[in-house]
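Please read the structure below before turning to the comments.
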Amino acid sequence: MPAAVSANPRTSGVSTVLRAADYDLDATLDSGQAFRWRRAGEAWEGIVGGHWFRLRQVGTRLEAETATPLPASDTLTQYLGLNDDLTAIIARFPPDPPLRSAVATCRGLRLLRQDPWECLASFVLSSTKQIVQIRQIVETLCDRYGEPVCVPGPGAIGRSFPSAARLARCTELELRDCRMGFRARYLRAVAMRVAAGDPCLTALPGMPLEEARAALVSLPGVGRKIADCVLLFSLGFRRAFPVDVWVMRALQDLYFGGRTIAQRRLLEFTDSHFGPEAGYAQQYLFHHIRMEAGRVPRSVRR
DNA sequence: AGCCAGGCAGAGA
DNA sequence: TCTCTGCATGGC
């Protein structure tokens, strides 16, 4: 990926320009995969690999500003899924009307490749929480237990997502104080397991899907749905298909004529119907229905 | 004011 | 194997 690098006197960091054809940064960063990105005018600000970034998309140009000299140049490219061949991926979707409609609306949406620990911990916090609330909890957790990160501006400071080892040293009460309720016990237990290397998250991508999923589900507070989020959003398992309440309803409405379907049958369906890029299909469906819901007042929805 | 949120675990049938 | 319930908290 060719990148023009230039000094940026305002931030004493640097700016990079990446090519981002067939890419939708807004959809990608606002589709419930990651919880720390926040809008800053036309741009998005967040932290990847311990480095602060400000991202702005202008057409097929993706401008990335950092506060310090750039980390390895492909860090961001990997994270943002810029190298995914979206045309080939979408060509592998089953040609059904719901997916066509989702692609027509959200084309350019990508799967992120997040840090596995941050992804796992964030989704442990996600159960029966709205996305806005997950964001709040994660921010509090970072403010209190993350490591300082350079950001532009005098006296400003950012925080990394706290490591498993750091959170393993927290008491359940300290975690509860971050407003995460009953999830505190799970987060603490998961942090202790991961800090002890059981499972070793970086070893999971080399395993078969079922095996990696089983390793994640063995963690307290991690079931099929959260495991699939981690498999899909951080470990590169593109067949993983997280089914949350939204996707459940959408699948029943769009593929089963509104009838309620047993969880078992639904998983058999998603496994067989959506093919090798099932995870991408899932994310298109999820983002699509969430955008539609956003435009309709709650009172009009079912 | 009440319903529900990118669920999971344990109990009981 | 399936269904039901408790769990903390806050947006809408």
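These figures come from a predicted structure and were not determined experimentally. Each chain gets a letter, A, B and so on, in the order the sequences are listed, and its residues count up from 1.
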Pick the P atom in dA1(B) and in dA8(C), then give their distance to the nearest Å.
23 Å
Pairs satisfying side chain to side chain donor-acceptor pair (under 3.5 Å), at least one member in residues 110-122 of chain A, at least two apart
none
Pairwise P distance for dC12(C) and dG6(B), with rounding to whole Å
11 Å
List for me each residue that meets salt bridge (Lys or Arg N to Asp or Glu O under 4.0 Å) alongside Asp22(A), sequence neighbours excluded, and say none if there are none.
Arg107(A)
Please work out which of the three classes, parallel, tilted or perpendicular, describes the rings of Phe233(A) and Phe123(A), given edges at 30° and 60°.
tilted
Using atom CZ of Arg185(A) as one end and atom P of dG6(C) as the other, report the distance to the nearest whole Å.
17 Å
Here the distance between atom P of dA5(B) and atom CZ of Arg183(A), to the nearest Å, is 13 Å
Which residue pairs satisfy the side chain to side chain donor-acceptor pair (under 3.5 Å) criterion with at least one member in residues 226-237 of chain A, sequence neighbours excluded?
Arg213(A)-Asp228(A), Arg224(A)-Asp228(A)
Does anything in residues 188-199 of chain A pair up under side chain to side chain donor-acceptor pair (under 3.5 Å), and if so which pairs, sequence neighbours excluded?
Arg193(A)-Asp198(A), Arg193(A)-Ser218(A)
Quick one, give me the B/S/- string for nucleotides 6-13 of chain B, reading 5' to 3', where B means a protein heavy atom under 4.0 Å from the base and S means that only happens at the primed atoms, P, OP1 or OP2.
BBSS----
State which residues pass side-chain hydrogen bond (donor to acceptor under 3.5 Å, both in side chains) with Gln57(A); sequence neighbours excluded, sorted by chain then number.
none
dA8(C), OP1 or OP2 - any side-chain N/O from Arg179(A) closer than 4.0 Å?
no
Using the salt bridge (Lys or Arg N to Asp or Glu O under 4.0 Å) criterion, which residues pair with Arg159(A)? Sequence neighbours excluded.
none
How would you list, by chain and number, every residue that makes a salt bridge (Lys or Arg N to Asp or Glu O under 4.0 Å) with Glu63(A), sequence neighbours excluded?
Arg56(A), Arg61(A)
Quiz question: going by heavy-atom distance under 3.5 Å, is there a donor-acceptor pair between the base of dA8(C) and the side chain of Arg176(A)?
no
Rounded P spacing from dT5(C) to dC4(B) in Å:
15 Å
May I ask you to list the residues of residues 259-271 of chain A, by number, that have any heavy atom positioned under 4.0 Å from an atom of DNA chain B?
none
Atom-to-atom span, CD of Gln136(A) to P of dC12(C) - whole angstrom
9 Å
For Glu268(A), is the CD atom crowded, meaning more than 12 foreign heavy atoms sit under 6.0 Å from it?
yes
